[in-house]
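Report on one structure; see the data block that follows.
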Number of protein chains: 2
Amino acid sequence: MRRDVFQAIADPTRREILGMIAHKSLNINAVTEQFDVSRAAIYKHMKILSECGLLEIRQKGRERYCEGKFERLNEVSDWVAQYRQFWEARLDSLEDYLEQLKKEKYGKSSE
Amino acid sequence: MRRDVFQAIADPTRREILGMIAHKSLNINAVTEQFDVSRAAIYKHMKILSECGLLEIRQKGRERYCEGKFERLNEVSDWVAQYRQFWEARLDSLEDYLEQLKKEKYGKSSE
DNA sequence: TAAATTTGAAACCAAAAGGTTGCATAAATA
DNA sequence: TATTTATGCAACCTTTTGGTTTCAAATTTA
């Protein structure tokens, strides 16, 4: 079966899951609570994500805490980047965005 | 049927098609020649891409030339960007990359 | 220890995805 | 005009996807 990052993030439920665990590790039941589908369905989604390296699992007793591993998204990022020049005329605005990112990362001064 | 950019770029054949038409418009037969599958299969892929706004078609006599429209990739770009801070520690290298992009765009001086 | 909780995974199902062949139509050409 | 070329699309098929129910195993907890 095909198992790559592009396919992994194609599913909206899986993108939501990644959003949920970005800031906080959650076990499978905790993730399941946020959706209308069964635990087994969520389990399968998370298995796909973990097989793609987009999440990692830490066993803790009978629970398994899942945390996002977003490094692999650089494959997507790189792929998109090669086309950026075709649509993003204003590279300066990207620079602005980058500045903003750095501010966020290295301490927000005024908020 | 679900029809969004994430799903559109999930298929490797469609990503290849986008790569082919990025620099040069091609008609459907010309695209088909590059693959092992039938014209009908390629036609379906291109239909999906056009329904997602990732390519546009210019009729020219009996031929239809397809050109890439990459603006819609910013949806993917934005989605990935929100996680960049989780994996990209070296924002400076992104700045370098940006510089390189600008050089490419505004004229390469020495090559 | 007995019961409850958390999970993994098998078996199964319906729908979607990706492919095919075949045919119709419109445009270009011999 | 008859033929070739380029395409749209229907009908059909197989595999994959995303979901379900069910059961077993391991860990807590009463």
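What you see is a predicted model; the values in this text were computed from it and never measured.
Following rounding to the nearest Å, B/Ile57 (CD1) and D/dT7 (C1') show an atom-to-atom distance of 11 Å. B/Ile28 has its CD1 atom 6 Å from the C1' atom of D/dT7, to the nearest Å. In this structure, CZ of B/Arg15 is placed 11 Å from P of C/dG18, rounded to the nearest angstrom. Whole-Å rounding puts the B/Ile9 CD1 to C/dG18 P distance at 13 Å. Straight-line distance from the CG atom of B/Leu49 to the C1' atom of C/dG18: 14 Å, rounded to whole Å. In this structure, CG of B/Asn27 is placed 13 Å from P of C/dA28, rounded to the nearest angstrom. Straight-line distance from the CD1 atom of B/Ile17 to the C1' atom of C/dG19: 13 Å, rounded to whole Å. Note: CD (B/Gln59) to P (D/dT7) measures 9 Å, nearest angstrom.
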Are any protein N/O atoms closer than 3.5 Å to N/O atoms in nucleotides 28-30 of chain D? If there are, list each pair with its distance.
residue: D/dT28; atom: O4'; partner: A/Arg62; partner atom: NH1; Å: 3.3

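No donor-acceptor distance shorter than 3.5 angstrom exists from the side chain of B/Gln85 to the backbone of B/Trp87, with no hydrogens or angles considered.
Residues A/Met46 and A/Tyr65 are members of separate hydrophobic clusters, defined by side-chain heavy-atom contacts under 4.5 angstrom among Ile, Leu, Val, Met, Phe, Trp and Tyr. Linking ILVMFWY residues whenever their side-chain heavy atoms come closer than 4.5 Å, directly or via other members, places B/Ile21 and B/Phe35 in the same cluster. Both B/Val80 and A/Trp79 belong to a common hydrophobic cluster when Ile, Leu, Val, Met, Phe, Trp and Tyr are linked at side-chain heavy-atom distances under 4.5 angstrom.
Listed by first and then second residue, the side chain to side chain donor-acceptor pair (under 3.5 Å) pairs involving residues 26-42 of chain A are A/Asn27-A/Glu63 (not counting sequence neighbours).
Ranking C/dG18, D/dT20, D/dT7 by closeness to the B/Asn29 side chain, first place goes to D/dT7. Of the listed nucleotides (D/dT7, C/dT7, C/dG18), C/dG18 has the atom at the smallest distance from the side chain of B/Asp11.
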Go through the steps for A/Glu67 and A/Leu55 under the test side chain to side chain contact (heavy atoms under 4.5 Å, CB included), then give the verdict.
-> CA-CA 5 Å; A/Glu67 59 182 311; A/Leu55 68 77; over 6 Å; no
Give the intermediate values and the outcome of side chain to side chain contact (heavy atoms under 4.5 Å, CB included) for residues B/Lys69 and B/Leu54. CA-CA 5 Å; B/Lys69 304 290 285 181; B/Leu54 284 169; 5.9 Å; no
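Distances shorter than 4.0 Å separate some side-chain N or O of A/Gln7 from OP1 or OP2 on D/dT17. Side-chain nitrogen and oxygen atoms of A/Ser38 include none within less than 4.0 Å of the OP1 or OP2 phosphate oxygen of D/dG19. The side chain of B/Tyr43 contributes an N or O atom lying less than 4.0 Å from OP1 or OP2 of D/dC9. Distances shorter than 4.0 Å separate some side-chain N or O of B/His45 from OP1 or OP2 on C/dG19.
Between A/Ala30 and B/Ala40, the one whose closest nucleotide on DNA chain C sits nearer the 5' end is A/Ala30. Judged by closest nucleotide on DNA chain C, B/Ile48 is the one of B/Arg39 and B/Ile48 placed further toward the 5' end. Annotation: of the two residues near DNA chain D, B/Lys44 and A/Ala41, the 5′-most nearest-nucleotide partner is B/Lys44.
Figure legend: cation-pi geometry between A/Arg15 and B/Phe6, with NZ or CZ positioned under 6.0 Å from the six-membered ring centre and within 45° of its axis.
Residue-level contact check: B/Lys47 touches the backbone only, with heavy atoms under 4.0 Å from sugar-phosphate atoms and none from bases.
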